[in-house]
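Reading through the structure tokens given below for one structure.
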Amino acid sequence: MTVSPRRNRPRRDENTQLDAERVRQGVPTVQQWRDGDWQVRGISGGASVKTYRCPGCDQEIRPGVAHVVAWPADDRGDLTDRRHWHSGCWRARDRRGPNLQRGRGAPRHG
């Protein structure tokens, strides 16, 4: 009788499997900005199923478009303060002024 050599493969622990929700939504990270610390989570295009309005450019984020979700990391807010941003708008938010909506009759400068 021949015995095959033992294979030393690590066993998969069921507790180390990634939670399906974390895989779908991404893992939040804390980012520091001038206006405080923010929890930021990347959303893949496949996980994006609703239309959102980006506070950086005031344009729609359509379903299927990868983007980020951010909310205050400290006690200033909760999950109702989450905002969906285009990834580029989020990265450029320190370089932009506030997005001011003006009516057609409003002066352009001043």
Side-chain angles (χ1 to χ4, degrees):
M1 179 170 154
T2 59
V3 178
S4 63
R6 180 178 176 180
R7 296 181 187 209
N8 290 325
R9 291 187 202 165
R11 291 185 181 196
R12 289 189 174 183
D13 189 325
E14 292 180 15
N15 294 332
T16 61
Q17 291 180 354
L18 289 176
D19 177 54
E21 191 69 12
R22 286 181 62 192
V23 171
R24 188 176 72 78
Q25 291 188 351
V27 178
T29 59
V30 175
Q31 295 183 8
Q32 294 178 338
W33 292 81
R34 285 188 290 196
D35 59 348
D37 293 346
W38 294 85
Q39 289 277 349
V40 180
R41 175 181 287 160
I43 303 294
S44 70
S48 176
V49 295
K50 290 174 54 179
T51 299
Y52 299 98
R53 182 146 320 259
C54 175
C57 65
D58 200 39
Q59 300 296 312
E60 288 185 345
I61 303 171
R62 306 288 299 167
V65 174
H67 61 281
V68 298
V69 179
W71 64 95
D74 56 17
D75 293 332
R76 292 183 300 138
D78 57 20
L79 292 180
T80 62
D81 295 313
R82 288 181 295 190
R83 296 294 176 262
H84 293 254
W85 293 72
H86 290 110
S87 300
C89 293
W90 176 255
R91 287 189 303 267
R93 63 193 287 259
D94 272 349
R95 296 187 303 270
R96 292 182 165 178
N99 190 9
L100 182 62
Q101 297 295 314
R102 299 176 184 253
R104 286 188 174 177
R108 289 185 174 258
H109 304 285

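Basis for what follows: all heavy atoms, side chains included, without hydrogens, waters or symmetry-related copies.
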Might you point out which heavy atoms bring [X] and [Y] nearest each other, and give the distance in Å?
X: Gly42; Y: Val68; value: CA-CG1, 4.2 Å
X: Trp38; Y: Trp71; value: CE3-C, 3.2 Å
X: Gly56; Y: Cys89; value: CA-CB, 4.3 Å
X: Ile61; Y: Trp85; value: CD1-C, 3.5 Å
X: Glu60; Y: Thr51; value: CD-CG2, 3.8 Å

- Task: Could you tell me how the ring of Tyr52 sits relative to the ring of His84: parallel (under 30°), tilted (30 to 60°) or perpendicular (over 60°)?
- Result: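 Ring orientation of Tyr52 relative to His84: parallel.
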
- With the side chain counted from C-beta on, respond yes when Gln39 and Val30 share a heavy-atom pair under 4.5 Å apart, and no when they do not.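 Side-chain contact under 4.5 Å: yes.
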
- Query: Asp37 versus Pro72: any side-chain heavy-atom pair under 4.5 Å?
  - Reply: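 When only atoms from C-beta onward are counted, Pro72 and Asp37 do not touch, as no gap falls below 4.5 Å.
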
- Val69 backbone acceptor or donor facing Arg82 side chain under 3.5 Å: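 No: the side chain of Arg82 does not pair with the backbone of Val69.
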
- Message: Could you check whether any side-chain N or O of Arg83 sits under 3.5 Å from a backbone N or O of Ala70, counting only pairs where one atom can act as donor and the other as acceptor?
- Response: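 Side chain of Arg83 to backbone of Ala70: no pair is present.
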
- Query: How long is the span from the CZ atom in Arg62 to the NE2 atom in His67, to the nearest 0.5 Å?
  - Reply: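 Spacing of CZ (Arg62) from NE2 (His67) equals 13.0 Å.
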
